[in-house]
Amino acid sequence: MLKSIVRRSNRHRHSPVDYHPEWLILDGNIALLSAFVFDEPVARFFRSTHSELKSFGTVITEVGNSGWIFAVAGVLLLQALKHLRAADCRSIRYNASLIMQAASYVILTVAISGLTANLLKWLIGRTRPALESTFTFAPFEGGHLYASFPSGHATTIGAIMMSIYLLAPILRLPILILALWLGFSRVMVGAHYPSDVIAGLALGAWFALLFASIFARYGLLFRKMERDFPRPRSGLRLTSGPDPIAIK
């Protein structure tokens with residue numbers, strides 16, 4: 001497998017990587033508008049209410065914890081490696097290789113986006129809604145109450161949901177809807193402002209796009225599309241068994 005990656009790397013080393021800067025520019029403007037227009041009234045509403053929506057947010061918000069993602073991706077990675085070493089069928093080895101690449105892609109995307117979000121939290125130091133001070137910042141302060149922007153949970157959700165979106169384009173509508181509900185659960189529970197969530201979702205999604213473009217450059221997992229998001233390589237399947245389910 002490593003030899004194959006090196007060959008692809010040499011073959012595609014002059015291919016450009018699409019960094020999608022327009023994504024970050026658009027997100028920055030939407031987050032800024034949200035900060036001025038929506039953050040204070042929305043935060044005030046959820047501080048003063050105990051609605052069913054707030055209870056619902058409490059139930060679903062923990063999906064944004066990255067631990068379960070690393071656990072699932074790690075298991076897939078180890079199982080695919082086992083099949084890759086033991087299989088005597090070329091199609092099974094090929095599918096196991098793609099599953100390994102998919103698991104590695106998800107782990108890299110979630111890990112790097114999460115680390116970036118935590119660094120930004122520390123650098124920016126925006127106070128959380130509990131302190132009732134929408135535009136107060138304490139850079140380098142650290143601590144839970146000064147780590148509002150961007151939302152780390154929303155960053156993880158943006159990363160994993162965009163990863164699934166790119167790997168299984170047929171699921172794009174439910175994935176987008178789910179990402180919005182999961183992301184804004186952080187607003188419902190009073191942990192973040194809307195602009196924190198918007199920034200986090202877009203940051204995670206941008207990292208998913210970036211790593212998909214890098215993988216596509218080297219012929220791994222994705223194929224590059226002109227003027228469009230990377231598409232999964234043909235033959236990606238959900239299992240390495242004899243009757244795998246293909247992702248179209």
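What you are looking at is a predicted structure, and each value in this text was computed from that prediction instead of being measured. Along the sequence shown, residues are numbered consecutively beginning with 1.
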Trainee: Quick one, L115 with L119, criterion side chain to side chain contact (heavy atoms under 4.5 Å, CB included). Give me CA distance, side-chain angles, the key distance, then yes/no.
Mentor: CA-CA 6 Å; L115 289 172; L119 177 61; over 6 Å; no
Trainee: So do T127 and F137 actually touch side chain to side chain, heavy atoms under 4.5 Å?
Mentor: no
Trainee: For R172, what residues pass the salt bridge (charged side-chain N to carboxylate O under 4.0 Å, His left out) criterion, not counting sequence neighbours?
Mentor: none
Trainee: What pair of heavy atoms forms the shortest contact from S163 to A159, and how long is it?
Mentor: OG-O, 2.7 Å
Trainee: Does a sphere of radius 6.0 Å around CZ in F38 hold more than 12 heavy atoms from other residues, nucleotides or ligands, not counting ones at 6.0 Å or beyond?
Mentor: no
Trainee: If you compare all heavy atoms of A103 against all heavy atoms of L76, which two are closest, and at what distance to 0.1 Å?
Mentor: CB-CB, 4.4 Å
Trainee: Any chain of hydrophobic side-chain contacts (each under 4.5 Å) joining V72 to L78?
Mentor: no
Trainee: How close do A43 and Y193 get, counting heavy atoms only, and between which atoms?
Mentor: CB-CE2, 3.6 Å
Trainee: Does R47 use its side chain to pair, donor to acceptor, with the backbone of P129 at less than 3.5 Å?
Mentor: yes
Trainee: Using a 4.5 Å cut-off on heavy atoms from C-beta on, say whether the side chain of L123 contacts that of F140.
Mentor: yes
Trainee: Please determine whether residues L210 and L220 belong to a single hydrophobic cluster, defined as Ile, Leu, Val, Met, Phe, Trp and Tyr linked transitively by side-chain heavy-atom distances below 4.5 Å.
Mentor: yes
Trainee: Would you give the length of the straight line joining atom CD1 of I177 to atom CG of L173, rounded to the nearest 0.5 angstrom?
Mentor: 4.0 Å
Trainee: Taking W23 for its side chain and A202 for its backbone only, find out whether a donor-acceptor pair lies under 3.5 Å.
Mentor: yes
Trainee: Do you know which two heavy atoms are closest between D27 and I198, and how far apart they sit?
Mentor: OD1-O, 3.1 Å
Trainee: Is H192 reaching over with its side chain to a backbone N or O of V187, donor-acceptor style, under 3.5 angstrom?
Mentor: no
Trainee: Is there a side chain to side chain contact (heavy atoms under 4.5 Å, CB included) between L120 and L203 once you walk through the steps?
Mentor: CA-CA 11 Å; L120 290 173; L203 180 66; 4.1 Å; yes
Trainee: Without swapping roles, check the side chain of K54 against the backbone of F46 for a donor-acceptor pair under 3.5 Å.
Mentor: yes
Trainee: What about the rings of F215 and Y105, do their centers lie closer together than 6.0 Å?
Mentor: yes
Trainee: Give a yes or no answer on whether the side chain of T61 reaches the backbone of T58 with a donor-acceptor pair at less than 3.5 Å.
Mentor: no
Trainee: What residues form a salt bridge (charged side-chain N to carboxylate O under 4.0 Å, His left out) with R126, not counting sequence neighbours?
Mentor: D39, D196
Trainee: Got a donor-acceptor contact below 3.5 angstrom from the S34 side chain to the I30 backbone?
Mentor: no
Trainee: Are any side-chain N or O atoms of R128 and backbone N or O atoms of A147, one a donor and one an acceptor, separated by less than 3.5 Å?
Mentor: yes
Trainee: With a 6.0 Å cut-off on the ring centroids, do F135 and F36 count as close?
Mentor: yes
Trainee: Would you check, one step at a time, whether the test side chain to side chain contact (heavy atoms under 4.5 Å, CB included) holds for Q79 with V75?
Mentor: CA-CA 6 Å; Q79 287 296 316; V75 169; 4.2 Å; yes
Trainee: Once rounded to the nearest 0.5 Å, what's the spacing between atom CD1 of I112 and atom CZ of F207?
Mentor: 7.5 Å
Trainee: Is it the case that one hydrophobic cluster holds both I170 and L176, taking links as side-chain heavy atoms less than 4.5 Å apart, direct or via other members?
Mentor: yes
Trainee: Hey, are the side chains of M100 and S97 touching, using non-hydrogen atoms and a 4.5 Å cut-off?
Mentor: no
Trainee: Is there a path of hydrophobic side-chain contacts, each under 4.5 Å between heavy atoms, that joins L33 and L180?
Mentor: no
Trainee: What heavy-atom pair brings A179 and L201 nearest, and what distance separates the two atoms?
Mentor: O-CD2, 3.8 Å
Trainee: With distance as the sole test, does K121 use its side chain to make a donor-acceptor pair with the main-chain N or O of S148 at under 3.5 Å?
Mentor: no
Trainee: Would you compute the distance between atom CG of L167 and atom CG of L98 and round it to the nearest 0.5 angstrom?
Mentor: 10.0 Å
Trainee: Is there a side-chain contact between Y165 and L171 (heavy atoms, below 4.5 Å)?
Mentor: no
Trainee: Rounded to the nearest 0.5 Å, what separates atom OG in S66 from atom NE2 in H153?
Mentor: 8.5 Å
Trainee: Answer yes or no: is there a side-chain heavy-atom contact under 4.5 Å between I160 and V106?
Mentor: yes
Trainee: Evaluate the criterion side chain to side chain contact (heavy atoms under 4.5 Å, CB included) for residue pair Y146 and T136; output intermediate values, then yes/no.
Mentor: CA-CA 9 Å; Y146 301 93; T136 298; 5.8 Å; no
Trainee: Tell me whether F149 shares a hydrophobic cluster with L145, the cluster being built from Ile, Leu, Val, Met, Phe, Trp, Tyr side chains joined at under 4.5 Å.
Mentor: no
Trainee: Can any side-chain N or O of Q101 pair as donor or acceptor with the backbone N or O of L221 at less than 3.5 Å?
Mentor: yes
Trainee: Less than 4.5 Å apart, side chain to side chain, heavy atoms only: is that true for W181 and F56?
Mentor: yes
Trainee: If I take atom CD1 from residue I99 and atom OG from residue S104, how far apart are they, to the nearest 0.5 angstrom?
Mentor: 11.5 Å
Trainee: Do the non-hydrogen side-chain atoms of W68 and V63 ever get within less than 4.5 Å of each other?
Mentor: yes
Trainee: Decide yes or no for I60 and L182: does some side-chain heavy atom of the first lie under 4.5 Å from some side-chain heavy atom of the second?
Mentor: yes
Trainee: Going from CH2 on W206 to OG1 on T155, what distance comes out if it is rounded to the nearest 0.5 angstrom?
Mentor: 12.5 Å
Trainee: Can you see which heavy atom on M161 is nearest to which on L178, and at what distance?
Mentor: CE-CD2, 3.7 Å
